[in-house]
Colleague: 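Take this structure, written in structure tokens, and hold onto it; I'll ask about it next.
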Amino acid sequence: MSRRRLRALVLAGGRGTRLRPFTPALPKQLMPVAGKPVLVRCLEQLPALGVSEAAVIVGDGRPQIEAVLGDGSGLGLSVTYVPQPEPLGLAHCVALARAFLGDDSFVLCLGDVVVTDGLAAAHERFVCEGPDAVVLTAKVADPRQYGVVEVDGRGRVLALAEKPRVPRSDLVLAGVYFLSPAVHKVVAGLRPSARGELEITDALSALVADGATVLSTPVTGYWKDVGDVEAVLDCNRVLMEALAPERAGSVDAASRLDGTVVVESGASVLRSRLIGPVLVGAGSVVRDSRVGPYTAIGRDCRVSDTEITGSVLLDGAVMAGLDGVHNSVIGRGAEVRAAHPRTDRCFLVGDHTHVEV
């Protein structure tokens, strides 16, 4: 098998039905956490693995994804876009990218999964031990919605099952796979599952059945499938802990900043108190407000006369006259204004929606 070059295949074609009302208008892989799209967080880890070329599988969201990633040069990569007209499974993506992947080994990543640590260890095992595949795994309380993995005491994969009703393990596939070119032969022979998809678990199972060496490495840091609003908020909280203070924008003398606060270039904070971790994106204005911990305000937002905590505002969002807002996600260009003096609740507001409460 080739170890001379490692390519990447990043999947960003899913429709994100669990993230409505923010999808499909916004591809779920572009949902920001701690001020950065999940897909960008995935791609920016690849150069450290020696990857210089990546193929990104895209569906209907291609224009928005391409607008964010461009040719990949800003992330130290050369990005190729591979369309997937219908979401027919992870192994189907491997087949679509066959020409791009050639005979090189590659790392397959889900573009809506955040992994803060564990990729380097899995890559090292893949390179040093020379198996046919290394899969990143995580333990979960309820594995029934995942690909479930059974391993021996040395981490060798013995069996896999996709979303089993009765899981035989609490160990699941974490969305990162280091694969040798041997996977192409088994993918070519796959039949669609009961879900009508070509499953990566079936491809890995076929490798195991053929006597190939498939190893597992556990996630050692934070891991989250950012597939619903609760996961977005949880991931945002965790990643904001790693922010470094920055004051590139303007903060007037009447404002107070406590803890880790990022005010990006072109942003303004006026007569407000910010209690970190807080991020105020470029071009945004926070006026006469109290912004509490774990709030990430996107670019070109307007927040006035508002008290908010633990929330994510996407680019261009407006909030005015609201108290006690918490655990909310406000879509791009959405406006939430108070018709009454006070409210105390959380909001899920889709893109370009106007709400009075």
Side-chain angles (χ1 to χ4, degrees), residues 1-11 42 45-46 48-51 53-55 57 89-98 100-111 113 115 117-139 143 146-164 167-169 171-191 193 197-220 223 225:
M1 71 185 70
S2 172
R3 291 287 188 247
R4 292 173 296 177
R5 178 164 58 174
L6 183 72
R7 293 176 181 256
L9 178 60
V10 180
L11 310 191
C42 171
Q45 297 181 83
L46 297 176
L49 304 177
V51 174
E53 298 175 82
I57 300 289
L90 273 61
H92 180 247
C93 295
V94 174
L96 289 175
R98 181 70 180 91
F100 168 83
L101 296 169
D103 293 325
D104 291 312
S105 297
F106 63 101
V107 55
L108 168 65
C109 304
L110 303 189
V113 168
V115 180
D117 200 6
L119 270 70
H123 177 239
E124 183 177 2
R125 193 169 195 193
F126 185 61
V127 171
C128 295
E129 299 185 36
D132 294 280
V134 173
V135 298
L136 210 61
T137 57
K139 288 190 175 184
Y146 299 90
V148 176
V149 187
E150 295 179 60
V151 302
D152 64 17
R154 296 179 298 174
R156 181 162 181 159
V157 175
L158 304 176
L160 302 102
E162 181 65 27
K163 298 184 178 179
R168 298 179 59 178
S169 164
L171 204 62
V172 303
L173 295 170
V176 179
Y177 314 79
F178 290 86
L179 301 166
S180 76
V183 74
H184 296 303
K185 180 178 179 181
V186 296
V187 165
L190 288 182
R191 294 177 178 273
S193 67
E197 298 186 4
L198 298 181
E199 310 283 2
I200 197 67
T201 47
D202 289 343
L204 294 167
S205 294
L207 284 175
V208 172
D210 288 346
T213 301
V214 179
L215 304 177
S216 68
T217 298
V219 171
T220 53
W223 167 75
D225 170 5

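A quick note: this is a predicted structure, and the numbers were derived from the prediction, not measured.
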Colleague: Using a 3.5 Å cut-off and no angle test, enumerate the donor-acceptor pairs between side-chain atoms of residues 205-214 and protein atoms at least two apart in sequence or in another chain.
Modeller:
unit_1: Ser205; atom_1: OG; unit_2: Thr201; atom_2: O; d: 2.8

Colleague: Do Phe126 and Val107 have side chains that approach each other closer than 4.5 Å (heavy atoms only, starting at C-beta)?
Modeller: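 With C-beta onward as the side chain, the pair stays apart.
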Colleague: Could you go through the side-chain contact (heavy atoms from CB on, under 4.5 Å) check for Leu101 and His184 one step at a time?
Modeller: CA-CA 10 Å; Leu101 296 169; His184 296 303; 3.7 Å; yes
Colleague: I'd like to check the side chain to side chain donor-acceptor pair (under 3.5 Å) partners of His92; sequence neighbours left out, ordered by chain and number.
Modeller: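 Gln84.
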Colleague: Within the distance-only criterion (no hydrogens, no angle test), does the side chain of Arg168 pair as donor or acceptor with the backbone N or O of Glu150 below 3.5 angstrom?
Modeller: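 Answer holds: no.
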Colleague: Report the residues that fulfil side chain to side chain donor-acceptor pair (under 3.5 Å) with Glu197, sequence neighbours left out, ordered by chain and then residue number.
Modeller: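 If we apply the side chain to side chain donor-acceptor pair (under 3.5 Å) test to Glu197, skipping adjacent residues, the hits are Arg195.
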Colleague: First locate atom CD of Gln45, then atom CG of Leu119, and finally report the distance between them rounded to the nearest 0.5 Å.
Modeller: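 Gln45 CD to Leu119 CG: 5.5 Å, rounded to 0.5 Å.
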Colleague: Name the one of Leu173, Leu110, Leu198, Asp202 that satisfies side chain to side chain contact (heavy atoms under 4.5 Å, CB included) with Leu90?
Modeller: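 Between Leu90 and the candidates, side chain to side chain contact (heavy atoms under 4.5 Å, CB included) is satisfied uniquely by Leu110.
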Colleague: Given side-chain contact (heavy atoms from CB on, under 4.5 Å), test Val115 with Cys109 step by step and report yes or no.
Modeller: CA-CA 10 Å; Val115 180; Cys109 304; over 6 Å; no
Colleague: Got Cys93 and Leu108 here, is their nearest side-chain heavy-atom distance under 4.5 Å?
Modeller: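 Side chain of Cys93 against side chain of Leu108, heavy atoms only: no contact under 4.5 Å found.
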Colleague: Quick one: list whatever passes side chain to side chain donor-acceptor pair (under 3.5 Å) with Thr220, sequence neighbours left out.
Modeller: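 Thr220: side chain to side chain donor-acceptor pair (under 3.5 Å) contacts with Asp117.
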Colleague: Is it the case that the side chain of Trp223 and the backbone of Ala174 share a donor-acceptor pair, with hydrogens and angles ignored and the cut-off at 3.5 Å?
Modeller: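 Yes, the answer is positive, given that a donor and an acceptor are paired below the 3.5 Å cut-off.
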Colleague: When rounded to the nearest 0.5 angstrom, what is the spacing between CG in Asp103 and OG in Ser180?
Modeller: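 Spacing of CG (Asp103) from OG (Ser180) equals 10.5 Å.
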Colleague: Where do Ala54 and Phe100 come nearest, in terms of heavy atoms and distance?
Modeller: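 Smallest heavy-atom distance, with atoms named: C-CZ, 3.6 Å.
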Colleague: Between Asp132 and Val183, is a side-chain contact (heavy atoms from CB on, under 4.5 Å) present by the stated rule, with each step listed?
Modeller: CA-CA 8 Å; Asp132 294 280; Val183 74; over 6 Å; no
Colleague: To the nearest 0.5 Å, tell me how far Lys163 NZ sits from Glu199 CD.
Modeller: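 Reported to 0.5 Å precision, the distance equals 8.0 Å.
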Colleague: Knowing that exactly one of Val186, Leu179, Val157 qualifies, which makes a side chain to side chain contact (heavy atoms under 4.5 Å, CB included) with Leu204?
Modeller: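 In the set Val186, Leu179, Val157, the residue that makes a side chain to side chain contact (heavy atoms under 4.5 Å, CB included) with Leu204 is Leu179.
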Colleague: Drop me the distance from Leu9's CG to Tyr177's OH, to the nearest 0.5 angstrom.
Modeller: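 Result: 11.5 Å between the selected atoms.
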Colleague: If you round to the nearest 0.5 Å, how far is CG of Leu215 from CD of Glu129?
Modeller: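 Those atoms lie 5.5 Å apart.
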Colleague: For Lys185, which residues count as a side chain to side chain contact (heavy atoms under 4.5 Å, CB included) partner, sequence neighbours excluded?
Modeller: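 Per chain and number, Lys185 pairs via side chain to side chain contact (heavy atoms under 4.5 Å, CB included) with no residue.
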Colleague: Drop me the distance from Leu158's CG to Asp152's CG, to the nearest 0.5 angstrom.
Modeller: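 Answer rounded to 0.5 Å: 5.0 Å.
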Colleague: Closest heavy-atom contact between Leu136 and Gly118?
Modeller: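 That closest heavy-atom pairing would be CD1-O, 3.5 Å.
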Colleague: Looking at residues at least two apart in the chain, or sitting in another chain, which of them share a side chain to side chain donor-acceptor pair (under 3.5 Å) with Ser216?
Modeller: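 Listed in chain order: nothing, the list is empty.
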Colleague: Taking the side chain as everything from C-beta on, heavy atoms only, tell me whether Phe106 gets closer than 4.5 Å to Val94.
Modeller: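 They are in contact (side-chain heavy atoms under 4.5 Å apart), so the answer is yes.
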Colleague: Testing the basics here: between Ala91 and Leu190, what is the closest heavy-atom pair and its distance to 0.1 Å?
Modeller: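 Scanning both residues, the minimum pair turns out to be CB-CD1, 3.6 Å.
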Colleague: With a 4.5 Å cut-off on side-chain heavy atoms, are Leu171 and Val151 touching?
Modeller: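 When only atoms from C-beta onward are counted, Leu171 and Val151 do touch, with a gap below 4.5 Å.
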Colleague: Do Val127 and Phe178 have side chains that approach each other closer than 4.5 Å (heavy atoms only, starting at C-beta)?
Modeller: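 No, too far: nothing below the 4.5 Å cut-off.
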Colleague: Step by step, work out the side-chain contact (heavy atoms from CB on, under 4.5 Å) result for His123 and Leu6.
Modeller: CA-CA 10 Å; His123 177 239; Leu6 183 72; 3.7 Å; yes
Colleague: Which heavy atom of Pro181 sits nearest to which heavy atom of Ser105, and what is that distance?
Modeller: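 Distance-wise, the nearest heavy atoms are CD-OG, 3.8 Å.
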